[in-house]
*Asks:* 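I am attaching a structure below and will ask some questions about it afterwards.
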Amino acid sequence: MLLYASVLLLPLSIAYTIINYVNLKVYQEIDSVKVVRNELHSYRATIENAGILPVYKLGIYLYEDRCTLANLSSNQLYSLNSKEKLELKSEVTCKYAGAYFVGIEKISLVDPFGIYQVTLDVPYHFRAVVSPQITDVASHAIEIENIFNNRGLRSDTLVQEIPGSDIRPYAVGDSLHSINWKVSAKVGDIMVRLPDNMERQTVTMLLLADEKEEDKYTLTALKRRDFFLEFIVSAAWYFASQEMPVKFIYPAGKVSQFRVDSKKSFLEFYSIVADGIFYNSPSVYQDLKNALNNQGKGVYGEDTWIVVKENPKENEEFCRIC
């Protein structure tokens, strides 16, 4: 009798589960459009039973390998009556830089007769855009003295005016920053320093992101992308703080370029890095490699090149200066 009862109830249980899953709405959000790795942000999830059948023992499973939700765990169960909403709030910390799913990954449903429990993908995934932290991870690898003085590499040069050692009397329109106050005090008149030309060398950084799209959301790929992005923004900040122009060549769907030559342009570049490096097609990866092969030719000039590979092979370097 128990066997026949189970067989008869099973189709009804399956139909009940399907109806519940179709009518279950899950909405997730974070308090900011872009978050920063390892910083606390407010997270909210709303689970709504839009159907007329109650939901029993609803379980949630979190992306615990890539984010930490302080007030939620994967072993909590909830029940929802018809048309009822459940709101879950927590502080969230995203562990890696990049763009990936966080929050609730899967849900589990138990049929009303307790015959089985099924685990299903959440109806709506939430994708967070996580900005990398700026550290000193790149400073040793791309130190200016190592690139230019020790290696003796050629680069295009830019000319910048700086206060020189020649002196003349102050004239209307001269910058106050050019006044030599020490000399002015000695001669009893305002004296300014004449400008000299200083050469500034330029750098090109080619960002060879991993072309494998099928595994970009695995934990290994997330860790690899996190270090890749941290290195990029740290290098960009290093050059911006040194007031040395650097041209980035990277995949943004297609092969794109961005010039960082100040703290303002660095902020613009930083805002697009987390989710702005990707390939629209496999051919873009080859185009990027062709740009590397054309180093020193045409529009690429004679800059010093720094090639950063997100996923180098066993015999390759992560960062190579050439």
*Asks:* Test your reading of the model: is there a side-chain donor-acceptor pair from Gln117 to the backbone of Ser108, 3.5 Å cut-off?
*Replies:*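 No, because the side chain of Gln117 does not come within donor-acceptor range (under 3.5 Å) of the backbone of Ser108.
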*Asks:* Give, for atom OG of Ser131 and atom CD of Glu39, the distance between the pair rounded to the nearest 0.5 Å.
*Replies:*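 If we round to the nearest 0.5 Å, Ser131:OG and Glu39:CD are 9.0 Å apart.
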*Asks:* Counting only N and O atoms by type, is there a donor-acceptor contact under 3.5 Å from the side chain of Asn180 to the main-chain atoms of Val183?
*Replies:*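 Yes, because the side chain of Asn180 sits within donor-acceptor range (under 3.5 Å) of the backbone of Val183.
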*Asks:* Nearest 0.5 Å please: distance from the CG atom of Asn23 over to the NZ atom of Lys83.
*Replies:*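 Going from CG on Asn23 over to NZ on Lys83, the span is 7.0 Å.
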*Asks:* Compute the centroid of each ring, for Phe126 and then for Tyr43, and state whether the two points are separated by less than 6.0 Å.
*Replies:*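 No, they do not, as the ring centres are separated by 6.0 Å or more.
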*Asks:* Can you give me the closest heavy-atom contact between Leu80 and Asn49, atom names plus distance?
*Replies:*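 Nearest pair, atom of Leu80 first, then Asn49: O-ND2, 3.7 Å.
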*Asks:* If you count every heavy atom of other residues, nucleotides or ligands that lies below 6.0 Å from Lys25 atom NZ, does the total exceed 12?
*Replies:*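 Atom NZ in Lys25 is packed in, count exceeds 12.
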*Asks:* Going from CZ on Phe258 to CZ on Phe248, what distance comes out if it is rounded to the nearest 0.5 angstrom?
*Replies:*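 It is 9.5 Å, given to the nearest 0.5 Å.
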*Asks:* List the steps, then state whether side chain to side chain contact (heavy atoms under 4.5 Å, CB included) holds for Asp65 with Leu222.
*Replies:* CA-CA 10 Å; Asp65 60 342; Leu222 289 178; 5.8 Å; no
*Asks:* Starting at CD1 of Ile19, measure out to CG of Leu24 and round the result to the nearest 0.5 Å.
*Replies:*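 That separation rounds to 13.0 Å.
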*Asks:* Show the nearest heavy-atom pair for residues Glu91 and Asn71, with the distance to one decimal.
*Replies:*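 Closest pair (atom of Glu91, atom of Asn71, distance): N-ND2, 4.2 Å.
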*Asks:* Taking Asp210 as the fixed residue, which of Lys309, Arg225, Arg224 is the one that meets the side chain to side chain donor-acceptor pair (under 3.5 Å) rule?
*Replies:*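 Of Lys309, Arg225, Arg224, side chain to side chain donor-acceptor pair (under 3.5 Å) with Asp210 is met by Arg224 alone.
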*Asks:* Centroid separation under 6.0 Å, is that true for the rings of Phe227 and Phe318?
*Replies:*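 Yes, the ring centres sit under 6.0 Å apart.
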*Asks:* Name the orientation class of the two ring planes belonging to His125 and Tyr63 (parallel below 30°, tilted from 30 to 60°, perpendicular beyond 60°).
*Replies:*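 His125 and Tyr63: tilted rings.
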*Asks:* Over all heavy atoms of both residues, which pair between Arg66 and Phe101 is shortest? Give the atoms and the distance, please.
*Replies:*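 Result for this residue pair: CD-O, 3.1 Å.
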*Asks:* If every non-hydrogen atom of Val130 is compared with every non-hydrogen atom of Cys94, which pair is closest and at what distance?
*Replies:*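 In this case the closest contact between Val130 and Cys94 is CG2-CB, 3.7 Å.
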*Asks:* Might you point out which heavy atoms bring Ser73 and Glu64 nearest each other, and give the distance in Å?
*Replies:*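 Closest approach of Ser73 to Glu64: CA-OE2, 4.5 Å.
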*Asks:* Which word best sums up how the rings of Phe269 and Tyr250 line up, parallel for under 30°, tilted for 30 to 60°, or perpendicular for over 60°?
*Replies:*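 Plane angle over 60°, so perpendicular.
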*Asks:* Less than 4.5 Å apart, any side-chain heavy atom of Leu62 and any of Ile104?
*Replies:*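 A side-chain contact exists here, since the closest heavy-atom pair is under 4.5 Å.
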*Asks:* Is the shortest heavy-atom distance from the side chain of Phe228 to the side chain of Asn311 under 4.5 Å?
*Replies:*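 The answer is no; the side chains never approach within 4.5 Å.
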*Asks:* Kindly indicate whether the side chain of Val118, heavy atoms from C-beta on, has any atom under 4.5 Å from the side chain of Tyr21.
*Replies:*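 They are not in contact (no side-chain heavy atoms under 4.5 Å apart), so the answer is no.
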*Asks:* Carefully, step by step, assess Asp275 and Arg127 under the rule side chain to side chain contact (heavy atoms under 4.5 Å, CB included).
*Replies:* CA-CA 11 Å; Asp275 62 339; Arg127 182 173 174 266; 4.2 Å; yes
*Asks:* Does Met191 offer a backbone N or O that forms a donor-acceptor pair with the side chain of Ser184 under 3.5 Å?
*Replies:*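 Here the side-chain-to-backbone pair exists.
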*Asks:* Tyr116 side chain to Ser13 main-chain N or O, any donor-acceptor pair under 3.5 Å?
*Replies:*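 Flag set: sc Tyr116 to bb Ser13 pair under 3.5 Å.
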*Asks:* Spell out, as yes or no, whether a donor-acceptor pair under 3.5 Å connects the side chain of Ser32 to the backbone of Val35.
*Replies:*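 Looks like no, no N/O pair under 3.5 Å.
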*Asks:* Assess whether atom NZ of Lys254 is packed by more than 12 heavy atoms of other residues, nucleotides or ligands within 6.0 Å.
*Replies:*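 Incorrect, the count does not exceed 12.
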*Asks:* Mind running side chain to side chain contact (heavy atoms under 4.5 Å, CB included) on Tyr56 and Asn20 for me, showing each step along the way?
*Replies:* CA-CA 10 Å; Tyr56 301 101; Asn20 273 346; 5.7 Å; no
*Asks:* Just by distance, do the side chain of Tyr27 and the backbone of Glu48 share a donor-acceptor pair under 3.5 Å?
*Replies:*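 A pair under 3.5 Å: no.
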*Asks:* Is there a side-chain contact between Tyr16 and Asp111, using heavy atoms and a 4.5 Å cut-off?
*Replies:*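 They are not in contact (no side-chain heavy atoms under 4.5 Å apart), so the answer is no.
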*Asks:* For a side chain to side chain donor-acceptor pair (under 3.5 Å) check, start with the C-alpha distance between Ser281 and Ser283, then their side-chain angles and the critical distance, and finish with the verdict.
*Replies:* CA-CA 5 Å; Ser281 65; Ser283 62; 2.8 Å; yes
*Asks:* Quick check: does any side chain N or O of Ser90 sit under 3.5 Å from a backbone N or O of Ala70, one acting as donor and the other as acceptor?
*Replies:*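 Flag set: sc Ser90 to bb Ala70 pair under 3.5 Å.
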*Asks:* For Ser82 and Gly51, indicate whether the former's side chain and the latter's backbone hold a donor-acceptor pair under 3.5 Å.
*Replies:*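 Yes; judged by distance alone, with no hydrogens or angles, the pair exists.
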*Asks:* Please give me the minimum heavy-atom distance between Gly253 and Val284, naming the atom from each residue.
*Replies:*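 Scanning both residues, the minimum pair turns out to be O-CG2, 3.1 Å.
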*Asks:* To the nearest 0.5 angstrom, please state how far the CG atom of Leu58 sits from the CG atom of Leu109.
*Replies:*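 Output value for this atom pair is 6.0 Å.
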*Asks:* So do the side chains of Val260 and Phe239 get within less than 4.5 Å of each other, counting heavy atoms only?
*Replies:*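 They are not in side-chain contact.
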*Asks:* Between Glu87 and Lys89, is the closest basic N to carboxylate O distance under 4.0 Å?
*Replies:*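 The answer is yes: the pair qualifies as a salt bridge.
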*Asks:* Do the side chains of Trp305 and Met205 get nearer than 4.5 Å, heavy atoms only?
*Replies:*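 With C-beta onward as the side chain, the pair stays apart.
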*Asks:* For residues Tyr96 and Leu219, determine if any side-chain heavy atom of one lies less than 4.5 Å from a side-chain heavy atom of the other.
*Replies:*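 Yes, their side chains come closer than 4.5 Å.
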*Asks:* Is there a side-chain contact between Val102 and Ile30 (heavy atoms, below 4.5 Å)?
*Replies:*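 A side-chain contact exists here, since the closest heavy-atom pair is under 4.5 Å.
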*Asks:* Say you draw a straight line from CG of Leu208 to CZ of Arg320; how long is it, rounded to the nearest 0.5 Å?
*Replies:*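 The CG atom of Leu208 sits 10.0 Å away from the CZ atom of Arg320.
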